[in-house]
Amino acid sequence: MRLSRYFLPVLKETPAEAQIVSHRLMLRAGMIKQASAGIYSWLPMGYKVLRNIERIVHEEQIRAGHIPMLMPTLQSADLWQKSGRYEAYGPEMLRLKDRHGRDMLYGPTNEEMITDMVGNFVTSYKSLPLTLYHVQWKFRDEVRPRFGVMRGREFLMKDGYNFDLTKEAALHAYNRHLVSYLRTYERMGLQAIPMRADSGPIGGDYTHEFLVLADTGESEVFYDAEITDLAFGEREIDYDNVAQCDAVLQEFTSRYARTDETHDEAEFAQIPAERQRSARGIEVGQIFYFGTEYSEKLGAYVQNDDGQRVPLHMGSHGIGVSRLVGAIIEASHDDKGIIWPEGVTPFHCGIVNLKQGDDEADAACESLYKALESHGLEPLYDDRNERAGGKFATMDLIGLPWRITVGPRGLKNGVVELTSHRTGVSEEMTPEVAVARVVEIYQAHKPVNAAV
Ligand code: P5A
């Protein structure tokens with residue numbers, strides 16, 4: 001993309017309404033525009049990051065054996081009356097009527113709809129196990145939408161639902177989700193800690209929240225510092241292997257890590273004092289196992305191998321896709337702007353032309369641009385007729401992790417400059433070597449799943 005042709009409405013001033021850094025930077029970097037309270041338009045660059053996050057979520061879901069589909073945003077009230085949640089949800093639910101006076105709602109989640117659907121089609125245990133998911137907009141009429149996309153009213157969620165014959169099988173689905181979520185967040189450059197949580201209105205005995213540590217987080221958390229040494233890394237997981245998933249779950253949940261709702265002072269006191277931590281965290285996902293409650297209420301039964309009709313064991317699992325954009329910025333920025341992790345960056349590499357209009361500099365930039373594109377990468381070329389200082393300020397604000405700077409002086413010696421935004425380290429090298437380095441860096445971040 002050439003910046004002169006792009007739509008990147010950066011703001012010079014710091015918007016007064018933004019209380020936290022991610023909200024400020026998203027507005028300043030021209031990523032979002034508020035449409036009304038808690039409802040945002042995703043401007044081109046914000047939309048690119050959102051889609052990158054969504055793609056990683058899909059890739060890791062599919063890798064875990066979960067099946068993508070799409071359910072509507074608008075739902076009819078009758079299924080919610082069956083589950084008992086139509087009343088229980090209260091004013092957070094956006095209710096509307098169609099022209100025939102039928103009660104409808106903008107879905108805050110999809111347990112009812114999917115349980116009804118599976119109950120319609122699945123009749124035998126032979127169709128199990130089954131996990132379906134979608135990535136779809138939700139609406140929750142939050143009392144205090146705030147912090148930009150962090151707590152919106154309209155927000156994008158990946159929500160998945162497992163259907164199993166037994167509790168044991170459903171708990172494997174729970175473990176599988178926990179493991180696949182760890183991998184999902186790591187690919188976005190985040191460490192999200194699974195914490196035992198309170199099940200709230202969804203219900204059930206088993207639930208973990210995934211929290212990214214950040215001072216501006218809405219949840220208070222308590223944990224054993226050793227948990228932050230854990231990383232999923234490169235390990236290969238066979239998601240059908242019950243023992244393997246269980247082992248990973250044990251590893252990542254055996255140390256103390258709780259939200260304030262489940263915090264236990266006595267247990268916390270058992271941890272050596274120098275390892276006790278209390279901090280704030282952003283909830284970027286939550287998983288639940290809730291048994292047969294929804295299946296019984298909405299009629300999702302199968303015939304087991306003894307010919308008995310039994311209700312399905314279920315759980316649901318959510319990732320806050322749009323919230324993650326803010327969470328990543330909270331975790332990765334400096335005083336000049338965002339620093340995108342390679343896995344989600346909107347453009348792979350910036351190209352800054354220090355002397356627009358200089359034949360040699362222009363030609364070198366064009367050739368770098370084409371070379372990066374030919375390797376399947378997306379550069380952002382600042383080809384505007386602006387001073388170098390302004391171009392650097394824009395690059396620092398929008399936060400591309402790598403930048404190639406091209407100027408007549410370097411070109412005389414046959415070199416350009418490659419800069420890592422994260423470390424601030426710049427190195428001179430030939431344009432060919434710079435391209436090869438950037439290509440190499442992104443090898444580890446290639447899409448992994450053709451099915452997406
Ligand atoms: C699990 C999937 C559920 O709704 N039903 C389907 C279950 N869980 S949840 O914890 O309530 O939401 C899942 C994740 O969605 C994000 N989230 C939000 N993001 C932005 N704005 C909001 N108002 C908002 N509410 C929830 C969170 O990341 C949460 O973990």
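These numbers were taken from a predicted model, which means no experiment stands behind them. Counting starts at 1 for both ligands and their atoms, following the listed order.
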*Take F222 and F268 through the test ring pair (Phe, Tyr, Trp, His ring centres under 6.0 Å) and record every step on the way to the result.*
CA-CA 8 Å; F222 300 85; F268 192 56; 5.7 Å; yes
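- Every atom of ligand 1 with a heavy atom of V284 under 4.0 Å away is listed here by number and element: 28 (O), 30 (O).
- Of all the atoms in ligand 1, the ones that sit under 4.0 Å from a non-hydrogen atom of V149 are 20 (C).
- Other residues, nucleotides and ligands contribute more than 12 heavy atoms inside 6.0 Å of the CG atom of D98.
- Looking at K158 next to ligand 1, no N or O pair under 3.5 Å apart turns up.
- For the pair Y161 and ligand 1, a heavy-atom separation below 4.0 Å is found.
- Every atom of ligand 1 with a heavy atom of E111 under 4.0 Å away is listed here by number and element: 5 (N), 6 (C), 7 (C).
- Put simply, the side chain of K391 gets close to the backbone of D382: a donor and an acceptor are under 3.5 Å apart.
- Donor-acceptor pairing under 3.5 Å is lacking for the side chains of S83 and E111.
- Panel note: side chain H177, backbone A173; a donor-acceptor pair is recorded below 3.5 Å.
- Residue M150 places a heavy atom under 4.0 Å from ligand 1.
- Contacts between F288 and ligand 1, counted as non-hydrogen atom pairs separated by less than 4.0 Å, involve the side chain only.
- In this comparison of Q286, M157, K138, the heavy atom closest to atom 12 (O) of ligand 1 sits on M157.
- Counting only distance, with no hydrogens or angles, the side chain of H313 and the backbone of D164 share no donor-acceptor pair below 3.5 Å.
- Heavy atoms of G285 approach ligand 1 to within less than 4.0 angstrom.
- Heavy-atom contacts of D159 reach the following atoms of ligand 1: 2 (C), 6 (C) (cutoff under 4.0 Å).
- The option from R146, R323, R153, H317 that lies nearest to atom 2 (C) of ligand 1, judged by heavy atoms, is H317.
- With Y47 as the aromatic partner, R51 meets the cation-pi criteria of under 6.0 angstrom to the ring centre and within 45 degrees of the ring axis.
- Of all atoms in ligand 1, numbered sequentially from 1 with element shown, those under 4.0 Å from a heavy atom of R151 are 21 (N), 23 (N).
- Here the options are V248, L178, I193, the test is side-chain contact (heavy atoms from CB on, under 4.5 Å), and the partner is T253; only L178 passes.
- Ligand-side atoms of ligand 1 in range of G318: 1 (C), 2 (C), range being under 4.0 angstrom from any heavy atom.
- Within a 6.0 Å sphere centred on CZ of R235, other residues, nucleotides and ligands contribute more than 12 heavy atoms.
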